Amino acid sequence: MAKAAESDAIALLKADHRKVEDLFAKFERAKGDDQKQRLAEQICTELTIHTMIEEEIFYPACSGAIKDQDLLDESFVEHDGAKVLVAELEATTPSAKFYDAKMSVLSEMIKHHVKEEEKRGEGLFAQAKAAGLDLDDLGERMNARKQELMEQFKSTGLPRPEMRTMTALAAAE
Ligand SMILES: [Fe+2]
Ligand SMILES: [Fe+2]
C-alpha cells in the first residue's frame with residue numbers, strides 16, 4: 001500500500017515541489033556565498049530533473065487526455081522561462097550582481113507554476129487524475145528516469161537546458 005503511494009506520479013511530483021520550496025526558503029535565509037552556492041546547485045539540479053521528467057513522461061501523457069490543453073501549453077512555456085534563470089544561476093556565482101534577484105524571481109515563477117499544477121479540481125494534476133491516466137505506471141517511469149538523471153548529472157554536471165517552446169533568442173545567436 002505504502003509503496004503504491006510512493007510510486008504514484010502525483011505524489012512523486014508533489015514531493016519534488018515540497019523539496020524545492022524548502023530549498024528556496026533555505027536560500028532566502030542563507031548567510032554567505034558558500035552556503036548560497038551549495039543551495040543554488042541543489043535548486044538548479046532539482047528543477048532541471050523535475051522539468052525533464054515532466055516534459056519527457058508526464059506532460060506527454062497528459063497531452064490529448066486532459067480537458068484543458070491550454071494549461072499544458074502554458075506549463076511548457078513556464079518551464080522554458082524557468083530554464084533561462086536556471087542557466088543564468090548556473091553560469092554565475094552568488095557574488096554576481098542580480099544573482100539574488102534572479103533566484104527570487106525564479107522562486108516566484110516556480111510558486112505560480114506549482115499552483116497551476118496542484119490547484120484543486122482544475123490544476124494539471126487534478127485533470128490528469130480525472131482523465132484516468134495510469135499514475136502508478138507514470139510514477140514508476142518518472143522515478144526510474146529521475147534516478148538515472150541524478151546519477152548522470154553527478155558526473156557530467158547539468159546540461160544546457162533544452163527549450164521546448166522558445167526559439168527567437170536561439171535563432172538570433
Ligand atoms: Fe511540477
Ligand atoms: Fe511543471
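Keep in mind it's a predicted model, so treat the numbers as computed, not measured.
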Salt bridge (charged side-chain N to carboxylate O under 4.0 Å, His left out) partners of Asp22, counting only residues at least two apart: Lys26
Nearest-0.5 Å distance, CD1 of residue Ile53 to CZ of residue Phe58: 10.0 Å
Within residues 33-57 or reaching into it, pairs that qualify as ring-ring contact (aromatic ring centres under 6.0 Å, His included) - sequence neighbours excluded: His17-His50
Contact summary for Leu138 and Ala9, nearest pair of heavy atoms: CB-CB, 3.9 Å
Between side-chain atoms of residues 102-112 and protein atoms elsewhere (two or more places apart, or another chain), which donor-acceptor pairs fall under 3.5 Å?
{"unit_1": "Lys102", "atom_1": "NZ", "unit_2": "Glu88", "atom_2": "OE1", "d": "2.8"}
{"unit_1": "His112", "atom_1": "NE2", "unit_2": "Glu78", "atom_2": "OE2", "d": "3.0"}

Lys146 side chain near Met150 side chain, heavy-atom distance below 4.5 Å: yes
Under the side-chain hydrogen bond (donor to acceptor under 3.5 Å, both in side chains) test, residues paired with Lys83 that sit two or more places apart: Glu55, Asp80
Residues in side-chain contact (heavy atoms from CB on, under 4.5 Å) contact with Lys119, at least two apart in sequence or another chain: Glu116, Glu122
Asn143 side, atom CG; Glu148 side, atom CD - distance, nearest 0.5 Å: 11.5 Å
Atom pair SG (Cys62) and CZ (Phe125), whose distance is rounded to the nearest 0.5 Å: 8.5 Å
In one Ile/Leu/Val/Met/Phe/Trp/Tyr side-chain cluster, 4.5 Å: Val114, Leu71: no
Value rounded to 0.5 Å, distance of CD1 in Ile43 from OG1 in Thr48: 11.5 Å
pair Leu124-Ser75: side-chain heavy atoms closer than 4.5 Å: yes
Single-linkage hydrophobic cluster Leu85~Leu158, side-chain heavy atoms < 4.5 angstrom: no
side-chain contact (heavy atoms from CB on, under 4.5 Å) partners of Ser95, counting only residues at least two apart: Asp33, Thr93
Any residue meeting side-chain contact (heavy atoms from CB on, under 4.5 Å) with Gln35, in chain and number order, not counting sequence neighbours: Ala30, Lys31, Arg38, Leu39
Nearest non-hydrogen partners of Met52 and Phe153, listed with the distance: SD-CZ, 3.8 Å
Pairwise side-chain contact, Thr92 with Lys97, heavy-atom cut-off 4.5 Å (strictly under): no
With sequence neighbours excluded, residues passing side-chain contact (heavy atoms from CB on, under 4.5 Å) with Pro60: none
Residues that Asp68 engages under salt bridge (charged side-chain N to carboxylate O under 4.0 Å, His left out), provided they are two or more places apart: none
Spacing of CG belonging to Leu23 relative to CD belonging to Glu28, to within rounding of 0.5 Å: 12.5 Å
Reported CD-to-CG distance for the pair Glu140 and Leu12, which is rounded to 0.5 angstrom: 11.0 Å
ring-ring contact (aromatic ring centres under 6.0 Å, His included) partners of residues 127-146, not counting sequence neighbours, each pair once: none
Atom of Cys44, atom of Glu90 and distance for their closest heavy-atom approach: CB-OE2, 3.6 Å
Check: Val20 main-chain N/O paired with Glu46 side-chain donor or acceptor under 3.5 Å: no
Listed partners of Arg18 passing side-chain hydrogen bond (donor to acceptor under 3.5 Å, both in side chains), at least two apart: Glu21, Glu118
Same cluster (ILVMFWY, side-chain, under 4.5 Å), Leu135 and Leu72: yes
Gln152 atom CD, over 12 foreign heavy atoms within 6.0 Å: yes
In one Ile/Leu/Val/Met/Phe/Trp/Tyr side-chain cluster, 4.5 Å: Ile49, Leu47: no
Tyr59: partners by side-chain hydrogen bond (donor to acceptor under 3.5 Å, both in side chains), with sequence neighbours left out: Glu54, His79, His113, Glu117
